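Structure first, then comments.
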Amino acid sequence: MALKATICKAALRVANVDSHYYRDHALTLARHPSETDERMMLRILAFALHADDALQFGRGISADDEPDLWQKDLTGVIEAWIDVGQPDEKRIRKACGRARQVFIFSYGGHDAGKWWHRTGPGVERCENLTVHHVAQATCKDMASLSGRNMELQCTIQDGHAWMASDDVSFAVELVTLKTATAGVR
């Protein structure tokens with residue numbers, strides 16, 4: 001018998017001082033049985049960092065042809081494609097061809113370094129690609145916030161982000177491995 005996804009809900013308050021975006025989001029996430037707390041929470045972090053009313057969660061792990069998050073315009077054009085983890089070069093190239101902007105949030109300590117060393121040279125010419133590595137401490141802190149019902153806050157100011165719940169607050173540590181060289185196509 002196949003295990004079913006666990007439904008998790010998050011009340012997320014985003015205050016992005018840099019882009020003057022202040023909104024509350026009621027998020028519903030389907031957590032695949034093989035998905036860790038860390039990965040699920042990094043999907044929430046990616047949502048917070050790119051928050052927009054049109055940003056939606058994809059089917060994630062259970063679908064090879066969809067990202068973890070994406071934002072489409074009214075005509076169906078993919079404005080933003082966001083993946084969490086270590087996608088292969090073929091998937092990254094496909095995403096860059098389909099979306100105006102592609103963001104990857106890698107994690108996993110030393111394995112992420114090996115992944116980027118192997119994958120980075122092959123995607124260097126993808127002008128609409130931005131790759132961030134989420135520090136191990138941030139991954140651990142994010143996982144500690146995990147639950148079936150969560151109340152979270154994300155504050156972004158001067159290019160820095162902080163995540164918080166009622167009793168925990170921490171800075172988000174991101175290392176940028178590649179920055180998109182082209183604006184929105």
Side-chain angles (χ1 to χ4, degrees), residues 3-63 66-72 78-87 91 95 99 101-109 111-112 115 130-157 159-177:
L3 297 174
K4 294 184 179 184
T6 302
I7 302 301
C8 297
K9 296 187 182 274
L12 176 64
R13 173 168 285 161
V14 177
N16 189 333
V17 178
D18 294 347
S19 66
H20 306 289
Y21 182 90
Y22 306 95
R23 295 239 173 51
D24 292 343
H25 295 273
L27 306 177
T28 301
L29 292 92
R31 180 178 169 189
H32 192 273
S34 67
E35 186 173 33
T36 63
D37 286 343
E38 183 176 73
R39 187 176 191 289
M40 180 186 72
M41 296 306 295
L42 291 179
R43 289 194 295 143
I44 293 174
L45 174 63
F47 184 97
L49 295 175
H50 295 275
D52 188 278
D53 292 335
L55 188 61
Q56 298 178 351
F57 288 99
R59 292 181 291 167
I61 291 176
S62 62
E66 286 186 13
D68 291 308
L69 296 120
W70 55 4
Q71 179 178 333
K72 295 180 183 180
I78 303 170
E79 296 285 337
W81 176 294
I82 303 170
D83 268 333
V84 173
Q86 300 169 7
R91 179 176 171 85
Q101 294 182 303
V102 177
F103 300 93
I104 297 174
F105 291 88
S106 75
Y107 67 99
D111 289 343
W115 163 78
T130 299
V131 181
H132 300 289
H133 177 69
V134 183
Q136 194 64 35
T138 297
C139 292
K140 183 179 175 184
D141 289 338
M142 289 298 298
S144 74
L145 300 176
S146 178
R148 295 283 299 267
N149 291 296
M150 301 167 274
E151 291 191 23
L152 306 169
Q153 299 87 37
C154 181
T155 304
I156 302 163
Q157 183 174 7
H160 300 284
W162 295 267
M163 286 294 294
S165 67
D166 288 338
D167 49 337
V168 177
S169 178
F170 55 89
V172 172
E173 295 178 58
L174 295 177
V175 176
T176 302
L177 302 175

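Just so you know, these numbers use all the heavy atoms, side chains as well, and skip hydrogens, waters and symmetry mates. Keep in mind the model is a prediction, meaning the values are calculated, not measured.
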Just verifying a value: how many Å separate L42 CG and M40 CE, rounded to the nearest 0.5 Å? 10.0 Å
Restricting to salt bridge (Lys or Arg N to Asp or Glu O under 4.0 Å), what partner residues turn up for D53, sequence neighbours left out? R23
For D141, which residues count as a salt bridge (Lys or Arg N to Asp or Glu O under 4.0 Å) partner, sequence neighbours excluded? none
Can you name the nearest heavy-atom pair linking M150 to C8, along with the distance? CE-CB, 4.3 Å
Working to the nearest 0.5 angstrom, can you tell me the gap between S144 OG and M163 CE? 10.0 Å
Within a strict 4.5 Å, meaning less than it, do heavy atoms of the V17 and I156 side chains meet? no
Please determine if E35 and R31 form a salt bridge, counting it only when a charged side-chain N lies under 4.0 Å from a carboxylate O. no
Considering non-hydrogen atoms only, spot the tightest contact between A48 and V14 and give its length. O-CG1, 3.9 Å
Determine, step by step, whether L45 and V172 satisfy the side-chain contact (heavy atoms from CB on, under 4.5 Å) criterion, reporting the C-alpha distance in whole Å, the side-chain angles of both residues, the deciding distance to 0.1 Å, and the verdict. CA-CA 9 Å; L45 174 63; V172 172; 3.9 Å; yes
Flag, side chain of D37 to backbone of S146, donor-acceptor distance under 3.5 Å: no
How far apart are the closest heavy atoms of T28 and F57, and which atoms are they? O-CD1, 4.3 Å
List the steps, then state whether side-chain contact (heavy atoms from CB on, under 4.5 Å) holds for F105 with R39. CA-CA 10 Å; F105 291 88; R39 187 176 191 289; over 6 Å; no
Polar side-chain atom of W115 near backbone of P87 as donor-acceptor pair, under 3.5 Å: yes
From SG (C154) to CG (N16), nearest 0.5 Å: 8.0 Å
Give every donor-acceptor pair under 3.5 Å between a side-chain atom in residues 132-139 and any protein atom, sequence neighbours left out.
residue	atom	partner	partner atom	Å
H132	ND1	T176	OG1	3.2
H133	ND1	S106	O	3.4
H133	ND1	S106	OG	3.0
Q136	OE1	G109	N	3.2
T138	OG1	E173	N	2.8

Can you label the angle between the H160 ring and the W162 ring as parallel, tilted or perpendicular, going by 30° and 60°? tilted
Are L69 and W81 packed together at the side-chain level, in the sense that at least one heavy-atom pair is separated by less than 4.5 angstrom? no
L145 vs L152 side-chain heavy atoms within contact, under 4.5 Å: yes
Counting N and O atoms only, with roles assigned by atom type, does the side chain of Q71 sit under 3.5 Å from a partner on the main chain of Q56, one being a donor and the other an acceptor? no
Under 3.5 Å: donor-acceptor pair, side chain of R43, backbone of D68: no
So, taking the atom named CD in Q101 and the one named NE2 in H50, what distance separates them when rounded to the nearest 0.5 Å? 8.5 Å
Sequence neighbours excluded, which residues qualify as ring pair (Phe, Tyr, Trp, His ring centres under 6.0 Å) partners of Y22? none
In chain order, what residues pass the salt bridge (Lys or Arg N to Asp or Glu O under 4.0 Å) check against D24, with sequence neighbours excluded? R13
What's the shortest heavy-atom distance between P67 and D83, and which atoms? CA-OD1, 3.3 Å
Residues two or more places apart in sequence or in another chain: which of them pass side-chain contact (heavy atoms from CB on, under 4.5 Å) with K72? W70, I78
Do the non-hydrogen side-chain atoms of F170 and M142 ever get within less than 4.5 Å of each other? yes
Exercise: identify the closest heavy-atom pair between D18 and G159: OD2-N, 2.8 Å
Nearest-0.5 Å distance, CG of residue L174 to CG of residue L49: 6.0 Å
Run through L27, I82, L29 and flag the one making a side chain to side chain contact (heavy atoms under 4.5 Å, CB included) with F47. L27
Between H32 and S34, is there a donor-acceptor pair closer than 3.5 Å when you use the side chain of the first and the backbone of the second? yes
Over all atoms of both residues, closest heavy-atom pair of H25 and A51: NE2-CB, 4.0 Å
